[in-house]
Asker: 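Below is a structure I'd like to ask you about.
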Amino acid sequence: MNGWVLECGPGCLRCAEKYALRLRIIEKLTLVSEEVRMRMSRYLLNTLKEVPREAETLSHQLMLRSCMIKKIAAGIYTYMPIGYRVIRKIEAIIREELNRENCIELLMPAVQPAELWKESMRWDFYGKELLRFKDRKGADFCMGPTHEEIITDVVRRELKSYRQLPLNLYQIQTKFRDEIRPRYGLMRGREFIMKDAYSFDVDDKASEKSYWSMYHAYARIFHRCGLKFRAVEADSGAIGGSFTHEFHVLADTGEDTVLSCSHCEYTANIEKAECRQPDPIEHGILEKIEKKETPGKKSVEEVAEFLSVKPDKLIKTMIFSTQDGTSVAVLVRGDHEVNEVKVRNFLGLNAMELADEDLIQASTGGPSGFSGPVGLNIRILADAAVKEMENAVTGANEKDTHWVNVNPGRDFVVGEYGDFRLAEKGERCPRCDKGEYEQFKGIEVGQVFRLGEKYSKSMNCSFLDENGKDKSAVMGCYGIGVGRTAAAAIEQNNDENGIVWPVNIAPFDVMLLNLDIQDDSVNEAAQRLYDDLKSKGLEVLYDERDVRAGFKFKDADLIGLPIQVIVGKRGLKEGLAEVKVRRTGERVKESPENVPAKIEALLKNLKEQEEQRR
RNA sequence: CGGGGAGUGGCGCAGUCUGGUAGCGCACCUGCCUUGGGAGCAGGGGGUCGGAGGUUCGAAUCCUCUCUCCCCGACCA
C-alpha cells in the first residue's frame, strides 16, 4: 500500500532504540506479545453486522459480533486475538493483586488421576459434571473442574513445618465442567479459564486472616476492572465450610439474586439472606377452629380469594422428601416462600426435594393443595413468622377442605421454629434497624471460601507445630472466573452501538481511524500519530483498511476501545485530528502533536472514574 | 433428565406442506463509481441441503434411525 509497506521490527537497526523502549514497556504491562504495528488490515478481526442466532445475552452477542470468541462446541470457545487480549488484561490485574498479597503462582495439570479424587471421596460424590475418561491402560482420569485434590497433594509432599506457613498458591488455568446446560457464551461455558487459589494456615485464626486478605484482593481486582460489584454472603453449599462470600457483578441479566441493605453493609445471596425476626403481635381472641369446604381451591391465592381473607392469613404447608425417604413439612405464611437452602442446611441434608403426589398422600392423608399441620404426624418445621399468626387458614389434609381459625400451639405443635423463608426486597434489614432490602441481579465472578480441614484431613496434609505435634493444615479456596469477568464487564458496559470497555481491561487503549488511505498527508499524519501514541506506551489498533468511513466508525464503536482518534482529509485541512471518548461520545479537535497528551489525560480521567464505581 | 424448537455457502434466512436437480440478504473476489456513520452498479467464487439407511424414474422435500445445536425447567463453583 502507500508508503509503509516496509515493516520494521526487532531486526530494524534504524528503529532499534525505539524498539528497546517498547519492549521495556511491554514487560511492565506483563503482556506477552506485542506486534510492531497493529494494523487492522493485517489483524484477525472480522466483525459481524448480524447477530448469530445462538446468542441470547448481550455480552454473548457483542462478543460474537466483535470477533472476540468463536464457538467450537457447546460451551467451548476459541478466544480470538482481540478476546484473548481482554483475558490477558484481566489475568494481569489478578496476578498483580494476588502477588501483592504474597500469593505464589504455579500451574497444575488439567488432566487429573482418579486416585486423588477417590482419596478425597469426591470421585463418587461429584456428579456428571466431572468429565471422566480412561487412558490407554484403562486407568481413570478426569478433566479438572477444580484443583483441591491436586493442590493438597502437592502441598502435603512439601509441607513439613509450621514455619512454612502461611502459604497461598494460585494458578490461572483452563478448567472443564460438563455443565448440564452451557449457555450465554463465556458466562457459563463448560471449558473456562479460572484463577483458583488455595491457602494453607496453621489454625482457624490464621486461615481467617488469609481469607480476608483474599477478600480485599478481590475487591481491588474488580474495582480495577471497572466493575460495579458486591461481595455477598452466600450459602456454603455441599462443599461445606463455615462462611463464604461471592463477588457479584451487578447486571440485570445476572442469574443470581442479591439482597443488600440500603443502610448497612449487609449483602447476601437470596439463598442465604436472613429474615428479620417478626415483631410479636398483640394476641387477640382465639376463635374456634372450624372446617370449611374449598372445592378445587388449592393455591394460596385461590383459597384466600374464596374465603375472602388476605394471603398472609394462610399457613402454607410444603411437604419435602429427604434423602432417607422420610418426609418433612415446612410451614410458611401464605405470602412467603420457602427457602429450600435454609431448610436443607438446618436439617444437615445434601439433597431434598418437593414431595410428589404419592408421598403427599402418604404423609398427610390428603391430596396436594390441601396439606396442613393440624393432626399431621410428620416432622414439622415452621418459619418464625408463623408463630405470630392467629386465626389462620390452612389445609385440612383432605380433599376440598381447609381449616379456619387455626392457631399454632393450640391446634398443632411445631417441631422447630426458625428462619426458613426467602427474604424479599423491601423487608427491613435483619442486621440494622434503619435499612431495608434492595434487590439486585448479579453475575457471580468470584468466590472466597473457607475449606477448613476437609481436604487436609482426608488427604493427610499436615505439618509439625511449634510443639512438635502433627496438625492438619487449615485451608481456604478462592476462585475467579476470568472469561465470565470479561462477559460481565460487557454486560455492564455497553450501549446501542456496541461495547464500551473499561480502560483497564480494554483490548487496546486507542482505535486510530485513518479515513483517507489514498491521501499521502493523511497517511503520514496517522502513521506519525500511531508512533507517538505507541512511544507513550499506549496500545493502539490502527484501522487503515480500504473501507468507507462509516464502516470504520461502526466497527470502532462496536469494538468499544475507550478512545478513538480520527484522522481524515477534512480535519487535517485545518491541521486537526479528532479525539472521541467512546463512553461519553464526547469529541474534541486537537492538533496531532497534542493528541497523545490529550489522550493520556482522558484515559487517566476515565480510569479514575471507573475504578471508583460502586 | 423432562418439555419445546432448529439443522440449507462464513453469518442471517427462503425453499420442505404439494418430490423435478438449490435461491435471497450480508460477508468474500474483480472492475467501475463513490468516500466523515455499515454506499451504488456490473461481473464472479463458494453449498455431498447435519449423518446413515429406505421409498421413488427422480429426494433439501416423503419414511426410519442417528448426531448436533438452541430455548424453557430442574441442577450447579
Side-chain angles (χ1 to χ4, degrees), chain A residues 44 46-57 60-61 64-65 67 70-76 122 125-130 144-148 175-185 187-190 192 194-197 234-241 244-248 255-256 269 271 340-341 344 350-354 443-449 451 477-482 484 496-498 513-519 522 543 545-559 564 566-573 576-578 580 585 587 589:
Chain A
L44 187 60
N46 297 311
T47 56
L48 259 39
K49 194 147 64 166
E50 282 168 305
V51 182
R53 206 167 40 133
E54 67 186 64
E56 175 82 349
T57 55
H60 191 193
Q61 293 176 357
L64 290 172
R65 286 189 56 206
C67 199
K70 295 284 174 188
K71 188 171 79 173
I72 293 301
I76 301 177
R122 285 210 291 184
F125 186 75
Y126 226 97
K128 287 187 178 169
E129 247 190 27
L130 186 64
T146 175
H147 280 68
E148 280 84 5
K175 305 260 188 274
F176 194 93
R177 292 182 195 172
D178 203 354
E179 287 275 346
I180 296 170
R181 190 147 88 84
R183 56 186 136 172
Y184 306 145
M187 202 85 94
R188 184 187 277 243
R190 295 149 90 202
F192 56 98
M194 178 168 159
K195 185 285 304 175
D196 49 326
D235 176 56
S236 51
I239 302 181
T244 171
H245 285 85
E246 292 169 350
F247 286 77
H248 284 263
E255 293 185 83
D256 293 298
N269 192 305
E271 291 179 346
E340 286 189 40
V341 173
R344 209 185 301 151
N350 282 323
M352 187 184 86
E353 54 187 33
L354 265 178
I443 300 163
E444 186 191 345
V445 290
Q447 182 165 33
V448 290
F449 203 97
L451 288 171
C477 70
Y478 316 89
I480 291 179
V482 178
R484 190 182 273 191
E496 66 279 7
N497 295 314
L513 288 80
N514 177 338
L515 297 190
D516 296 282
I517 62 161
Q518 312 295 349
D519 186 311
V522 173
D543 189 352
R545 292 173 301 171
D546 188 7
V547 296
R548 300 165 65 87
F551 207 96
K552 296 187 191 190
F553 288 133
K554 289 287 184 195
D555 267 355
D557 285 349
L558 173 64
I559 294 162
Q564 295 169 18
I566 300 151
V567 185
K569 234 184 336 203
R570 198 195 272 184
L572 217 53
K573 253 185 214 157
L576 297 173
E578 206 171 333
K580 173 179 162 182
R587 292 157 179 269
K589 289 192 171 149

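Chain letters run A, B, ... following the sequence lines, proteins first and then strands; every chain starts at 1. Quick caveat, the model's predicted, so the values are computed rather than measured.
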Asker: Taking pairing as Watson-Crick or G-U wobble with both contacts under 3.5 Å, can you name the mate of B:U34, or confirm there isn't one?
Answerer: none
Asker: Have a look at A:E578 and say if it touches a base, only the backbone sugar-phosphate, or nothing, with a 4.0 Å heavy-atom cut-off.
Answerer: base
Asker: For B:G25, give the paired nucleotide (Watson-Crick: N1-N3 plus N6-O4 or O6-N4; G-U: N1-O2 and O6-N3; both under 3.5 Å), or none.
Answerer: B:C11
Asker: I'd like to know if the side chain of A:R183 reaches the main chain of A:R188, judged simply by a donor and an acceptor atom lying under 3.5 Å from each other, with no hydrogens or angles considered.
Answerer: no
Asker: Could you check whether A:D557 gets within reach of a base, just the sugar-phosphate, or nothing at all, counting any heavy atom under 4.0 Å?
Answerer: base
Asker: Would you say A:E56 and A:M187 make side-chain contact, with heavy atoms under 4.5 Å?
Answerer: no
Asker: Ring of A:F553 versus six-membered ring of B:G37: centres under 5.5 Å and planes under 30°?
Answerer: yes
Asker: With RNA chain B as reference, determine whether A:K589 or A:E444 sits nearer its 5' end, using the nearest nucleotide of each.
Answerer: A:K589
Asker: Checking all strands, does A:F192 fall into the base, sugar-phosphate, or nothing category for heavy-atom contacts under 4.0 angstrom?
Answerer: base
Asker: What nucleotide, of B:U35, B:G38, B:C75, holds the atom closest to the side chain of A:R548?
Answerer: B:U35
Asker: Tell me which nucleotide, if any, is Watson-Crick or G-U wobble paired with B:C62 when both distances must be under 3.5 Å.
Answerer: B:G54
Asker: Tell me which nucleotide, if any, is Watson-Crick or G-U wobble paired with B:G73 when both distances must be under 3.5 Å.
Answerer: B:C1
Asker: Does A:R183 make a side-chain N or O approach to OP1 or OP2 of B:C69 shorter than 4.0 Å?
Answerer: no
Asker: Between the side-chain atoms of A:R53 and the base atoms of B:C13, is any donor-acceptor pair under 3.5 Å?
Answerer: no
Asker: Could you tell me the separation between the CG atom of A:D555 and the CD atom of A:Q564, rounded to the nearest 0.5 Å?
Answerer: 10.5 Å
Asker: Give one of base, sugar-phosphate or nothing for A:V51, where a contact means two heavy atoms less than 4.0 Å apart.
Answerer: sugar-phosphate
Asker: Counting any heavy atom closer than 4.0 Å, what does A:E50 reach on the DNA or RNA strands: base, sugar-phosphate only, or nothing?
Answerer: base
Asker: Report yes if some heavy atom in the side chain of A:T146 is under 4.5 Å from a heavy atom in the side chain of A:R177; otherwise report no.
Answerer: yes
Asker: Check this for me: does the side-chain of A:R65 come within 3.5 Å of the base of B:G38 through a donor and an acceptor?
Answerer: yes
Asker: Can you find a pair of side-chain heavy atoms, one from A:L515 and one from A:V522, that are under 4.5 Å apart?
Answerer: no
Asker: When all nucleic acid strands are considered with a 4.0 Å heavy-atom cut-off, which category describes A:R190: base, sugar-phosphate, or nothing?
Answerer: nothing
Asker: Is A:D555 side chain donor-acceptor paired with the B:G38 base, going by distance under 3.5 Å alone?
Answerer: yes
Asker: I'd like the P distance from B:G12 over to B:C69, given in whole Å.
Answerer: 15 Å
Asker: Which nucleotide sits closest to the side chain of A:I566: B:G36, B:G38, B:G37?
Answerer: B:G36
Asker: Answer yes or no: side-chain N or O of A:N497 and base N or O of B:G37 forming a donor-acceptor pair under 3.5 Å.
Answerer: no
Asker: Would you mind telling me which residue lines up with the more 5' stretch of RNA chain B, A:K128 or A:A55, judged by nearest nucleotide?
Answerer: A:K128
Asker: Using a heavy-atom cut-off of 4.0 Å across all strands, would you classify A:G571 as base, sugar-phosphate, or nothing?
Answerer: base
Asker: NA contact type, A:K70, heavy-atom cut-off 4.0 Å: base, sugar-phosphate, or nothing?
Answerer: nothing
Asker: For A:K71, report the nucleic acid contact type (base, sugar-phosphate, nothing); a contact means any heavy atom under 4.0 Å.
Answerer: sugar-phosphate
Asker: Is a side-chain donor or acceptor of A:D543 paired with a backbone partner of A:R545 at a separation under 3.5 angstrom?
Answerer: yes
